[in-house]
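First comes the structure, then the notes that go with it.
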There are 2 protein chains.
Amino acid sequence: MDQELIKKIPHKTIQRLSQYRRALLLCFEQGKTHIFSHEIANIQHITAVQVRRDLMLIGYSGNLRKGYNIKDLIDLIGEIIDSPNGQKVAIFGMGNFGRAIAKYFTGRRSKLTIVAGFDVSPEKVGKQVAGVPCYSVEEAQQIILEEGIRIGIITVPGDQAVETARMMVEAGVKGILNFSPTPVEVPENVFLEEYDMVTSLEKVAFYVKEH
Amino acid sequence: MDQELIKKIPHKTIQRLSQYRRALLLCFEQGKTHIFSHEIANIQHITAVQVRRDLMLIGYSGNLRKGYNIKDLIDLIGEIIDSPNGQKVAIFGMGNFGRAIAKYFTGRRSKLTIVAGFDVSPEKVGKQVAGVPCYSVEEAQQIILEEGIRIGIITVPGDQAVETARMMVEAGVKGILNFSPTPVEVPENVFLEEYDMVTSLEKVAFYVKEH
DNA sequence: CATAATTTGTTATTTTATTAACAGGGCAAA
DNA sequence: TTTGCCCTGTTAATAAAATAACAAATTATG
């Protein structure tokens with residue numbers, strides 16, 4: 001697909017494409033070959049129009065009677081959101097959260113690979129933690145450079161997030177996913193995504209409370 | 001604040017209010033008493049106008065010269081998003097992810113309390129895990145009813161998410177935060193929020209990759 | 001006292017995202 | 001064959017969200 005067009009895809013569509021792919025992979029494993037827009041929509045709790053619109057944006061055409069070819073669509077989404085040679089990811093903070101992420105990705109056939117974990121705790125450093133080699137924070141700069149890691153996940157406690165992010169950027173990380181409760185600052189050329197689970201939980205709590 | 005007005009606050013504003021509060025709490029602990037809209041905005045990577053707009057919606061007025069009173073604003077946000085008597089939360093799946101959430105909330109002064117964890121693993125059942133009493137899944141229905149739990153967090157593996165959600169709804173849970181990679185179905189009267197960290201990571205990867 | 005500098009609160013405008021509407025196509029069944 | 005149904009793809013309309021613009025207020029300062 002044309003690289004110029006890819007840049008014009010909205011953030012939200014990128015997110016949904018990632019979600020579509022997950023659903024499609026599941027269907028593919030179950031032996032399905034084709035799927036309708038409204039089937040995808042039901043899985044993701046959105047409308048069929050939204051799905052068709054997103055697929056239109058990426059220039060994929062389905063079959064009028066059979067719907068979309070699952071395998072083809074998976075491949076096309078991969079062409080758009082994946083890097084051809086894969087991307088290396090590091091986790092900063094191998095506590096419960098960091099390990100959960102590491103475990104989740106190990107063994108998964110994906111273009112994203114967790115190649116390193118960093119932690120301050122001496123009993124983790126030098127060992128494999130959840131299938132990922134764990135290094136001390138002091139080694140981070142070197143490892144990031146050596147491995148060519150461009151993506152980092154922050155799962156350190158909130159009070160260490162800012163310093164961790166600063167160090168990551170200095171070491172050359174270009175994209176940060178911050179799961180700590182503390183927002184961090186990055187230069188303009190670094191992509192930052194922050195997610196705070198407390199906010200999500202408070203949102204649920206709000207819509208559940210008896211007004 | 002008027003309960004009718006509260007219902008009209010958009011989802012996104014609710015989320016931001018939660019984030020504002022977190023930032024405000026941090027400033028409050030540091031001894032600050034007042035804050036300007038652009039200060040809040042900088043922390044959250046949004047614009048000052050957005051902040052003022054949100055605060056307008058909840059009817060809070062700041063001081064022209066000093067900005068917003070941090071304590072008052074924290075209290076007002078609490079009045080809107082918190083339940084007066086607090087809300088009980090259960091975690092389904094006490095793996096790394098579940099424990100991370102449990103740990104995060106224990107000891108925190110909040111209107112949301114994790115009162116139970118559920119797991120299939122016998123070595124966890126009957127013990128405290130990350131400060132939370134852990135029960136077997138079979139006991140879930142009873143515990144949820146007894147404790148009056150209305151909010152549940154799903155941190156089980158993807159292949160168990162659907163069944164877990166079904167059981168939660170049956171037991172009377174009214175709000176679900178699903179962290180598993182598998183989307184679930186809930187009846188209309190149950191609020192569902194789904195978050196998939198892979199999607200977030202793929203989004204970061206997309207914007208970092210060299211097009 | 002008047003002026004400049006800030007900041008809030010609110011209305012207007014723009015942009016973005018979602019939903020609706022519908023033309024066109026292909027298959028199935030009458 | 002032809003009618004009807006159910007898809008896709010696309011344009012049009014609507015809704016939601018974010019941004020811009022600016023009046024009003026307050027304090028500091030010359």
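Nothing here was measured: the structure is a model prediction, and the numbers come from that model. Just so we're on the same page: letters track the sequence lines, and every chain starts at 1.
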Exercise. Using modelled atom types only, decide if a donor and an acceptor are shared between the side chain of A:Gln141 and the backbone of A:Met167 within a distance under 3.5 Å.
Key: no

Practice problem: Give a yes or no answer on whether the side chain of B:Lys209 reaches the backbone of A:Asp82 with a donor-acceptor pair at less than 3.5 Å. | Solution: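 Flag set: sc B:Lys209 to bb A:Asp82 pair under 3.5 Å.
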
Separation of atom [atom1] in [X] from atom [atom2] in [N], rounded to whole Å:
| X | N | atom1 | atom2 | result |
| --- | --- | --- | --- | --- |
| B:Asp54 | D:dT19 | CG | P | 11 Å |
| A:His38 | C:dT19 | NE2 | P | 17 Å |
| A:Gln50 | D:dA13 | CD | C1' | 15 Å |
| A:Arg52 | D:dT11 | CZ | C1' | 13 Å |
| A:Ile58 | D:dT8 | CD1 | P | 14 Å |
| B:Met56 | D:dC22 | CE | P | 18 Å |
| A:Lys66 | C:dG26 | NZ | C1' | 12 Å |
| A:Ile40 | D:dT8 | CD1 | P | 9 Å |

Quiz item: Considering only heavy atoms and no angle criterion, is a donor-acceptor pair shorter than 3.5 Å present between the side chain of A:Arg53 and the base of C:dT19?
Solution: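 When only heavy-atom distances are counted, A:Arg53 does reach the base of C:dT19 through a donor-acceptor pair under 3.5 Å.
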
Quiz item: Closest heavy-atom contact between A:Arg22 and A:Tyr104?
Solution: NH1-OH, 3.2 Å

Self-check item: Toward the 5' end of DNA chain D, by each residue's nearest nucleotide, A:Gly62 or A:Arg65
Solution: A:Arg65

Quiz item: Closest nucleotide of DNA chain C for B:Phe36 versus for A:Arg16: which of these residues is on the 5' side?
Solution: B:Phe36

Exercise. Find out whether B:Phe97 and A:Lys103 are in side-chain contact, i.e. whether some heavy atom of one side chain is under 4.5 Å from a heavy atom of the other.
Key: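 A side-chain contact is absent here, since even the closest heavy-atom pair is not under 4.5 Å.
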
Practice problem: Using a cut-off of strictly less than 4.0 Å, decide whether B:Ser61 has a side-chain nitrogen or oxygen near OP1 or OP2 of C:dT8. | Solution: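 For C:dT8, neither OP1 nor OP2 has a side-chain N or O of B:Ser61 closer than 4.0 Å.
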
